[in-house]
Number of protein chains: 2
Amino acid sequence: MSAPRTLDRTLLALADPTRRAILQRLSSGEARVTDVAQPFKMSLNAVSKHILVLERAKLVQRRKVGRDHYLSYRAEPLDAAAQWIEQTRHFWGSRLDALEKLLREEDANKK
Amino acid sequence: MSAPRTLDRTLLALADPTRRAILQRLSSGEARVTDVAQPFKMSLNAVSKHILVLERAKLVQRRKVGRDHYLSYRAEPLDAAAQWIEQTRHFWGSRLDALEKLLREEDANKK
DNA sequence: AATATATTCAACCATTTGGTTGAATGTCAA
DNA sequence: TTGACATTCAACCAAATGGTTGAATATATT
């Protein structure tokens, strides 16, 4: 089904507070690169690189209008990641069945 | 509440197919480092490093018995990540949310 | 005591990441 | 046309990642 590369890129892109902040900013609507970069202490170029990572993960889309690049948030990869995590939790167990697994392990150790 | 560092580490740890495979292996019960490493082409040491990343993210716990280190999967960080993603999707919007809303509206129209 | 097994530690290497600064490109505006 | 603005490109740097090999450590086994 879904190539794992896509999931890799999504999770990697999300594993950074700066990039999550960028996404949050975009979640309330389009913004230009400069606008997105404004609140951060780091250089515009650094933010530009973060945006590239988000684009590679398809979490951000770019629309060029003249010299301005308008960025927007795309929800699909996050949906896909959520789906993967939910499915995984279901198969691997969550807190609720942790006890059960523990008991299985103890049982195995007694052999 | 949860420091973003924890989420960073969880997502980063999950953003790698080898580490996800390791977790999958552990999801069905404890295993030693050697057992975990066996199916992989890479060296034992490489796997050992991956395990370290998973431990740092608290996705894997280690129990030493003599020379053997028994590894087990811990579900809590994944639960936390899922919670973050779900909350985020809720606030940032998603396709599924849109679909849900559409269905709710259709439902309302039928009344 | 000698050897084999399980694991980590240490050093090394190539690549990636996250940041910087400075220059280049493209577009708007006076 | 000249200059300001928006953005990327390029080079560089430090640190982290993902892998290797070889040695060290600790524990079992004979």
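Note on naming: letters A, B, ... go to the chains in the order of the sequence lines (proteins, then strands), and numbering restarts at 1 for each one.
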Contact pattern, 5' to 3', of nucleotides 25-30 of chain D - B, S or - by protein heavy atom under 4.0 Å: --BS--

Below 4.5 Å, heavy atoms only, C-beta onward: do [X] and [Y] meet side chain to side chain?
X	Y	value
B:Glu86	B:Arg89	yes
B:Asp8	A:Arg20	yes
A:Tyr73	A:Leu78	yes
B:Leu12	A:Leu12	yes

Quick one: side-chain hydrogen bond (donor to acceptor under 3.5 Å, both in side chains) partners of [X], sequence neighbours excluded?
X	answer
A:Gln38	none
A:Arg67	none
A:Gln24	none

What is the distance, to the nearest angstrom, from the [atom1] atom on [X] to the [atom2] atom on [N]?
X	N	atom1	atom2	value
A:Tyr70	D:dC5	OH	C1'	13 Å
A:Asp68	C:dA29	CG	C1'	13 Å
A:Lys64	C:dC28	NZ	C1'	17 Å
B:Arg20	D:dG18	CZ	P	12 Å
B:Leu52	D:dT17	CG	C1'	13 Å

Is the phosphate of C:dA6 approached by B:His69 (side-chain N or O, under 4.0 Å from OP1 or OP2)?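 For B:His69, the contact criterion (side-chain N or O under 4.0 Å from OP1 or OP2 of C:dA6) is not met.
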
Any side-chain N or O of A:Ser48 under 4.0 Å from OP1/OP2 of D:dT8? yes

Sorted by number, residues from residues 25-40 of chain A placing a heavy atom under 4.0 Å from DNA chain D are A:Arg32, A:Val33, A:Thr34

Starting at the 5' end of DNA chain C and moving along, which residue's nearest nucleotide shows up first, B:Ile51 or A:Ala15?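 Final value for this comparison: B:Ile51.
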
With A:Pro77, the side chain to side chain contact (heavy atoms under 4.5 Å, CB included) member among A:Thr10, A:Leu7, A:Val60: A:Thr10

Taking only residues two or more places apart in sequence, or in another chain, which ones meet A:Arg9 in a side-chain contact (heavy atoms from CB on, under 4.5 Å)?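 Expected list: A:Arg5, A:Arg56, A:Ala57.
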
Mind checking side-chain contact (heavy atoms from CB on, under 4.5 Å) for B:Lys64 and listing every partner two or more places apart, or none if nothing turns up?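 By the side-chain contact (heavy atoms from CB on, under 4.5 Å) rule, B:Lys64 matches B:Arg62, B:His69.
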
Suppose clustering is done on Ile, Leu, Val, Met, Phe, Trp and Tyr with side-chain heavy atoms closer than 4.5 Å. Which residues sit in the same group as A:Val65?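 Same cluster as A:Val65: A:Tyr70.
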
Net bend of the helix from C:dA1-D:dT30 to C:dA30-D:dT1, end axes of five pairs each, nearest 10 degrees: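 That helix gives 10° between its end axes.
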
For the CG atom of A:Leu59 and the CG atom of A:Leu26, what is their distance to the nearest 0.5 Å?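 Answer for the CG-CG pair, A:Leu59 versus A:Leu26, is 10.0 Å.
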
For B:Arg56, which contact category applies under a 4.0 Å heavy-atom criterion: base, sugar-phosphate, or nothing?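 It contacts sugar-phosphate atoms only.
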
Classify the nucleic acid contact of B:Leu12 as base, sugar-phosphate or nothing, counting any heavy atom under 4.0 Å across all strands shown. sugar-phosphate

Give me the distances for all protein-to-nucleotides 19-25 of chain C N/O pairs that come in under 3.5 Å?
from	atom 1	to	atom 2	distance (Å)
C:dG19	OP2	A:His50	NE2	2.1
C:dG19	N7	A:Lys49	NZ	3.0
C:dG19	O6	A:Lys49	NZ	2.2
C:dT20	OP1	A:Ser43	N	3.3
C:dT20	OP2	A:Ser43	N	2.8
C:dT20	OP2	A:Ser43	OG	2.6
C:dT21	O4	A:Asn45	ND2	2.5
C:dG22	O6	A:Asn45	ND2	2.5

Considering only distance and modelled atom types, tabulate donor-acceptor pairs under 3.5 Å from the side chains of residues 42-53 of chain B, sequence neighbours left out.
from	atom 1	to	atom 2	distance (Å)
B:Ser43	OG	B:Asn45	N	3.4
B:Ser43	OG	B:Ala46	N	3.1
B:His50	ND1	B:Arg19	NH1	3.2

Residues 24-33 of chain A vs salt bridge (charged side-chain N to carboxylate O under 4.0 Å, His left out), sequence neighbours excluded, gives A:Glu30-A:Arg63, A:Arg32-A:Asp35, A:Arg32-A:Asp68

